[in-house]
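Throughout, protein chains are lettered first and strands after them, A, B, ... in sequence-line order, and every chain is numbered starting at 1. What's counted below: heavy atoms across the whole structure, side chains too, no hydrogens, waters or symmetry copies.
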Number of protein chains: 2
Amino acid sequence: MREEKKKRLEAKGWKVGDAKEFLSLSDEEEAYIELKLRLAERLRERRRHRRLTQVDLARMVKSSQSRVAKMEAGDPSVSIDLLVRSLLALGTTNRELSKIISSSRIA
Amino acid sequence: MREEKKKRLEAKGWKVGDAKEFLSLSDEEEAYIELKLRLAERLRERRRHRRLTQVDLARMVKSSQSRVAKMEAGDPSVSIDLLVRSLLALGTTNRELSKIISSSRIA
DNA sequence: GACGATTATGTCTAATGTGACATATACTTT
DNA sequence: AAAGTATATGTCACATTAGACATAATCGTC
């Protein structure tokens, strides 16, 4: 794993594995994090495209503005579940969802 | 929503909305549940294809046999996060993951 | 049909994710 | 540059999901 990428993830608040296995982020773990970040990016894009504020979206999914902000920031405290449900609430189809996923860096 | 489908989901232990809005499962909610069930199905397929027991898979993802059973049963108590991480642990690529999602009934 | 292996179901406590709130920071418009 | 709007960040009490364990049900194989 690239030093560069590790820094990037850590900057976002991710704890990348334990201290001992600091340098060896497993493939699954990496793919999982990348997936979340990708969903996060797209969520923001979709919301903006719809010209909605974070408050608007928060209402739609019965959440809060701060949680939406964290979703879009790829905060480790948000689950894929919430991301997916938010995307679905924005009218994202499964077809589009699948495109988002397949476009993740780690093929 | 079809009576048939509602029964099917309820049989799996899902609480389909509140009592009042019993008949009107929102599109997002339905899509979300369908997605989980689809991931669950594929997880089982993949595990069996690899000729692994639930105990084996549990070890691989540092979980327990009962949780794997619940994953595959589409139990409401399991998150998409866990399903996805398990699929990734089985070597599922993003490309395949995306196929699973796009093949969900609700396009 | 007993035995061994696998899977299903229920229930605990601990860990993680949640909405809500407060508040800081960044953007826009005037 | 102040006011107004939008987003970011930190914290907390509460809810949900987690792994673990026990035990029941199911499935071959003998």
Side-chain angles (χ1 to χ4, degrees), chain A residues 8-18 28-29 32-33 35-37 39-90, chain B residues 8-18 28-29 32-33 35-37 39-90:
Chain A
R8 199 178 115 244
L9 294 178
E10 279 165 358
K12 293 226 174 203
W14 292 92
K15 270 182 249 143
V16 175
D18 302 323
E28 305 99 85
E29 198 177 351
Y32 172 76
I33 294 177
L35 176 54
K36 265 173 82 164
L37 293 179
L39 291 169
E41 281 172 24
R42 294 314 194 85
L43 179 63
R44 168 162 287 168
E45 281 175 20
R46 282 208 141 249
R47 175 181 64 78
R48 284 187 173 155
H49 188 258
R50 286 261 211 122
R51 307 212 186 284
L52 297 169
T53 69
Q54 291 183 344
V55 173
D56 294 333
L57 178 54
R59 283 216 190 86
M60 292 173 65
V61 300
K62 284 173 187 144
S63 182
S64 61
Q65 179 269 325
S66 57
R67 201 125 279 276
V68 172
K70 278 159 194 163
M71 273 193 253
E72 295 183 349
D75 191 283
S77 84
V78 325
S79 68
I80 286 189
D81 293 66
L82 187 58
L83 281 164
V84 167
R85 278 188 293 143
S86 299
L87 280 163
L88 291 175
L90 282 175
Chain B
R8 199 179 116 244
L9 293 178
E10 282 166 356
K12 294 226 173 203
W14 292 91
K15 270 183 251 145
V16 175
D18 302 321
E28 305 97 88
E29 199 177 349
Y32 172 75
I33 294 178
L35 176 54
K36 265 173 80 165
L37 294 179
L39 290 169
E41 281 173 23
R42 293 313 195 87
L43 179 64
R44 168 162 288 168
E45 281 174 21
R46 280 206 142 253
R47 176 180 63 79
R48 285 187 174 156
H49 187 259
R50 287 260 212 119
R51 307 215 185 280
L52 298 170
T53 69
Q54 291 183 344
V55 173
D56 295 332
L57 178 54
R59 283 215 191 86
M60 293 173 64
V61 300
K62 287 174 185 142
S63 181
S64 61
Q65 178 268 324
S66 58
R67 200 124 279 275
V68 173
K70 278 159 193 163
M71 274 195 250
E72 295 183 349
D75 191 282
S77 83
V78 325
S79 68
I80 285 188
D81 291 66
L82 187 58
L83 280 164
V84 167
R85 278 187 295 144
S86 300
L87 280 163
L88 290 174
L90 281 174

A.B. asks: Starting at CE of A:M60 and ending at P of C:dG19, how long is that distance when rounded to a whole Å?
C.D. replies: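 Result: 15 Å.
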A.B. asks: Are the side chain of B:R50 and the backbone of B:L90 linked by a donor-acceptor contact shorter than 3.5 Å?
C.D. replies: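 Yes; judged by distance alone, with no hydrogens or angles, the pair exists.
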A.B. asks: So do B:H49 and B:E45 actually touch side chain to side chain, heavy atoms under 4.5 Å?
C.D. replies: no
A.B. asks: A:D75 has an atom CG; how far is it from atom C1' of D:dG10, in whole Å?
C.D. replies: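 That distance rounds to 11 Å.
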A.B. asks: If only side-chain N and O atoms of B:R47 are considered, is one of them under 4.0 Å from the OP1 or OP2 phosphate oxygen of C:dT7?
C.D. replies: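 For C:dT7, OP1/OP2 do have a side-chain N/O of B:R47 under 4.0 Å.
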A.B. asks: Indicate yes or no: does B:E29 engage A:R85 in a salt bridge with an N to O separation below 4.0 Å.
C.D. replies: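 So B:E29 does not pair with A:R85 through a salt bridge.
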A.B. asks: Estimate the overall bend of the helix from C:dG1-D:dC30 to C:dT30-D:dA1 from the end axes over five pairs each, rounded to 10 degrees.
C.D. replies: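 Result, rounded to 10 degrees: 50°.
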A.B. asks: Is there a side chain to side chain contact (heavy atoms under 4.5 Å, CB included) between A:T53 and A:Q65 once you walk through the steps?
C.D. replies: CA-CA 9 Å; A:T53 69; A:Q65 179 269 325; over 6 Å; no
A.B. asks: Flag the pair B:E72 / B:E41 as yes when at least one side-chain heavy-atom distance between them is below 4.5 Å, and no otherwise.
C.D. replies: no
A.B. asks: How long is the line joining CZ of A:R51 and C1' of C:dC27, in whole Å?
C.D. replies: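 Value for this atom pair: 16 Å.
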A.B. asks: Give the intermediate values and the outcome of side chain to side chain contact (heavy atoms under 4.5 Å, CB included) for residues B:I80 and A:L83.
C.D. replies: CA-CA 10 Å; B:I80 285 188; A:L83 281 164; over 6 Å; no
A.B. asks: Quick one: what's the B/S/- string for nucleotides 16-25 of chain D, heavy-atom cutoff under 4.0 Å, read 5' to 3'?
C.D. replies: -SBBBB----
A.B. asks: Tell me every residue that passes side-chain hydrogen bond (donor to acceptor under 3.5 Å, both in side chains) with A:S66, counting only those two or more places apart in sequence or in another chain.
C.D. replies: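 A:S66: side-chain hydrogen bond (donor to acceptor under 3.5 Å, both in side chains) contacts with A:S64.
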A.B. asks: Applying side chain to side chain contact (heavy atoms under 4.5 Å, CB included) to B:S86 and B:R47, what does each step give before you reach the verdict?
C.D. replies: CA-CA 10 Å; B:S86 300; B:R47 176 180 63 79; over 6 Å; no
A.B. asks: Whole-Å distance between C:dC27 C1' and A:Q54 CD?
C.D. replies: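 My rounded result for the distance is 13 Å.
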A.B. asks: Taking atom P of D:dA6 as reference, at what distance in whole Å does atom CG of A:D56 sit?
C.D. replies: 8 Å
A.B. asks: Taking side chain as C-beta onward, heavy atoms only, is A:Y32 less than 4.5 Å from A:E28?
C.D. replies: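 No, their side chains stay 4.5 Å or more apart.
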A.B. asks: Rounding to a whole Å, what distance do you find between B:E72:CD and C:dT9:C1'?
C.D. replies: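 My rounded result for the distance is 14 Å.
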A.B. asks: Please confirm whether the shortest side-chain N or O distance from A:R48 to OP1 or OP2 of D:dA6 is below 4.0 Å.
C.D. replies: no
